[in-house]
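Position 1 is the first residue of the sequence; numbering continues from there.
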Amino acid sequence: MRDADVVDPETDPTATWALEPEQVRRLTSRLVAAGPSSLTHSPLTGAPLAEVPASTADDVVRAAALARGAQRAWARTPVDRRAAVLLRLHDLVLDRQSEVLDLVQLENGKARSSAYEEVADVALLARHYGRRAPAYLAPRRVPGLLPGLTAVRVLRHPVGLVGVVAPFNYPLNLSIGDALPALVAGNGVVIKPDPQTTLTALWAVALAEEAGLPVGLVQVVAGGAEVGSALIEAVDHVVFTGSTATGRRVAAQAGHALVGATLELGGKNALYVTDDVDLAVTAEGVVRACFSNTGQLCVSMERLLVHEAVADAFLAELLPRVRALRLGAGLDYTADVGSLTSAAQLERVQRHVEDAIGRGAVVLAGGVHRPDVGPFFYEPTVLDRVPQEAAVAGEETFGPVVSVQRVRDDEHAIALANDSEMGLAASVWCRDLRRAGAVAERLEVGAVGINDGYAAAWGSTGAPIGGVKASGLGRRHGAEGIHAVTRTQTVATQRGAHQGLGLGRLYALPAERWTEAFTAGLRLARRVGLR
């Protein structure tokens, strides 16, 4: 597959084969896959990347059986020992980041700084659940029916097997990162990465095993929608990140199978700039909020709502910063914005921009495909005067495109921000934090950043993240993220039963007497404030 004269991709990403075939073989040997191989290419340059074998429905069944076999012993492992694996993974992913940064860039096309966000996020999640999982999973005592006689414990058990269907845009932290709460809770996991980014997920599983995860507990299958569908049938809970349209199908299938589902779906997120901001500080933050990860980010801001009193001055600060963003395909930190990941993503971005222009929108920055940099590069784009009927006004673009709309006041901004079927994230920029907080509370979204785009909310791993309306069901991160992949069991112990106390003694009375006594007890409990 590789000739002796091929250039090293460490120094030239236009090398004929972007990865060493032996490295690819080591990774793909971990796949449970008996189907034909398909060739992937790096979006950075179009260079061939890897031959990846596909899984069949039978492979999914086999992967599930293997993971379930390992899960039984793992569930009996004390939670503090499971958590220790995550803490070792925290250290390893930081120590070995250069390996996976190259891999993420080559598979996904993003800039290296955006790839680093994935490394940092896995470390944050591993540390959070490594420290907090024992408390999140600890038995909980609740008041019993008869004070002093009824003792009640609520236990949490792993659901068994969790399927993670991971997208292409964050191939590291939405594969192994989403698996971490499931694993520390005692589950087995089967991961189905996007076909474009399978190698990153395989690398992450190998690193987790190096950190001490039992071999076989996490299995990886490869393929498209048919493999994902087979996976839902084989697991006890599915974690899916992707489009709203696909998420609806996943939810329907999970509902039919009577398994739980955590779904983070599309977003058409709004960022509001009030009339009292520091314009330079806000412009810098808006650039990050809109163009990080090449805009291929569910919580990326695609709608700028700018107070009319500062709109012109704000754009004067914003546009030079957007135009100064550096595009590049290097495996280093010289580029600010990387490539889109596929021809399909490029086509969607171009279609949205051209449709908006055809309907009267004005391009303030960007709007240009840059094949001179790489096959799928597109300049960061700011659109103005976008009519409501334009596709870019309501549909998620999932690329480096943002539209500007002027607003009269906070009420106008809130109304426009909420005028969407989606409700994933939003951002409010304002000096007056009390005013910003009041606006944030009225936004119909799962997370709001005040004077920040998405990083503060997403990186605060103790807080739940997820969407409302058509942006999803369930939450990742925090207690909610780990509780989603457990089942509760209530154990109620009645003390004194063999000493003539408790419910048996009560029920031995004639019905009219025990119901009268129970009513009196209920009234007393109400008066003394029992819960």
Side-chain angles (χ1 to χ4, degrees), residues 169 242-245 247-248 265-274 286-287 289-308 311-312 314-315 318-319 322 340 344-369 378-429 439 442-446 448 453-454 467-472:
N169 60 319
S243 70
T244 296
R248 292 184 192 277
L265 309 179
K268 192 65 180 177
N269 310 304
L271 185 152
Y272 173 37
V273 178
T274 68
V286 168
V287 168
C290 299
F291 302 116
S292 293
N293 212 57
T294 322
Q296 294 180 142
L297 172 60
C298 293
V299 292
S300 182
M301 299 298 145
E302 295 194 0
R303 295 184 291 154
L304 289 184
L305 309 177
V306 186
H307 197 290
E308 60 188 11
D312 291 342
F314 170 73
L315 289 173
L318 176 69
L319 296 177
V322 174
L340 292 161
Q345 289 304 116
L346 175 63
E347 187 279 330
R348 183 178 181 87
V349 168
Q350 290 179 306
R351 175 168 51 84
H352 275 199
V353 173
E354 290 167 7
D355 172 71
I357 294 171
R359 297 175 184 274
V362 176
V363 177
L364 301 181
V368 179
H369 175 211
Y378 197 89
E379 286 189 356
T381 300
V382 181
L383 301 175
D384 195 8
R385 303 177 191 170
V386 175
Q388 284 300 107
E389 63 271 18
V392 75
E395 297 177 13
E396 184 179 35
T397 304
F398 215 65
V401 178
V402 64
S403 57
V404 179
Q405 191 167 359
R406 291 155 178 78
V407 298
R408 297 183 299 274
D409 52 26
D410 293 356
E411 292 296 327
H412 190 198
I414 291 167
L416 289 177
N418 290 339
D419 185 20
S420 172
E421 68 168 357
M422 300 177 187
L424 189 57
S427 177
V428 180
W429 289 74
V439 171
R442 295 176 58 191
L443 298 178
E444 297 168 357
V445 297
V448 182
Y454 64 88
V468 300
K469 299 193 284 189
S471 288

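The two atoms that bring Leu340 and Pro400 nearest to each other are CD2-CD, 3.9 Å, heavy atoms only. Considering all non-hydrogen atoms of both residues, Gly453 and Ala289 come closest at CA-CB, 3.7 Å. Leu315 and Arg406 make their closest contact through CD1-NH2, 3.6 Å (heavy atoms, listed as atom of the first residue, atom of the second, distance). What you find for Ala365 and Val322 is that their closest heavy atoms are CB-CG1, 4.0 Å. Among all heavy-atom pairs drawn from Ser243 and Leu265, the shortest one is O-CD2, 3.6 Å. Taking both residues in full, the closest heavy atoms of Val386 and Ser403 are given as CG2-CB, 3.7 Å, listed atom of the first, atom of the second, then distance.
One distance of note links CZ of Phe314 with OG1 of Thr274; it measures 10.5 Å at 0.5 Å rounding. We find the CG-OH distance between Asp410 and Tyr272 to be 3.5 Å, quoted to the nearest 0.5 Å. Distance check, rounded to the nearest 0.5 Å: CG of Leu305 to CZ of Arg408 gives 12.0 Å. Here Gln388 contributes atom CD and Arg359 contributes atom CZ; the two are 11.5 Å apart, rounded to the nearest 0.5 Å. With values rounded to the nearest 0.5 angstrom, His352 atom NE2 is found 8.5 Å from Glu347 atom CD. Within the model, atoms OG1 of Thr294 and CD of Gln345 stand 10.5 Å from one another, a figure rounded to the nearest 0.5 Å.
Although no hydrogens or angles enter the test, the distance criterion places no donor-acceptor pair under 3.5 Å between the side chain of Thr397 and the main chain of Gly399. Between the side chain of Asn269 and the backbone N or O of Cys298 there is at least one donor-acceptor pair closer than 3.5 Å. Remark: the backbone N or O of Arg442 is paired with a side-chain donor or acceptor of Asn418 at under 3.5 angstrom. Between the side chain of Thr381 and the main chain of Glu379, a donor-acceptor pair closer than 3.5 Å is present. Here the side chain of Ser471 pairs a donor or acceptor atom with the backbone of Gly266 at under 3.5 angstrom. Here the side chain of Glu302 pairs a donor or acceptor atom with the backbone of Phe398 at under 3.5 angstrom. At distances below 3.5 Å, not a single donor-acceptor pair connects side-chain atoms of Arg351 with backbone N or O atoms of Ala391.
Among Val404, Val401, Leu364, Val402, the single residue meeting the side chain to side chain contact (heavy atoms under 4.5 Å, CB included) criterion with Leu383 is Val401.
Residue Arg385 places its CZ atom among 12 or fewer non-hydrogen atoms of other residues, nucleotides or ligands, all under 6.0 Å distant.
For the pair Phe291/Val382, a side-chain contact is recorded, criterion being any heavy-atom separation below 4.5 Å from C-beta on. Side-chain contact between Cys290 and Leu304 is present, with at least one heavy-atom pair separated by less than 4.5 Å. At a threshold of 4.5 Å between non-hydrogen side-chain atoms, the residues Met301 and Val286 do not count as touching. The side-chain heavy atoms of Val392 and Val353, taken from C-beta on, include no pair separated by under 4.5 Å.
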Quiz prompt | salt bridge (charged side-chain N to carboxylate O under 4.0 Å, His left out) between Lys268 and Asp419, intermediate numbers included | solution = CA-CA 10 Å; Lys268 192 65 180 177; Asp419 185 20; over 6 Å; no

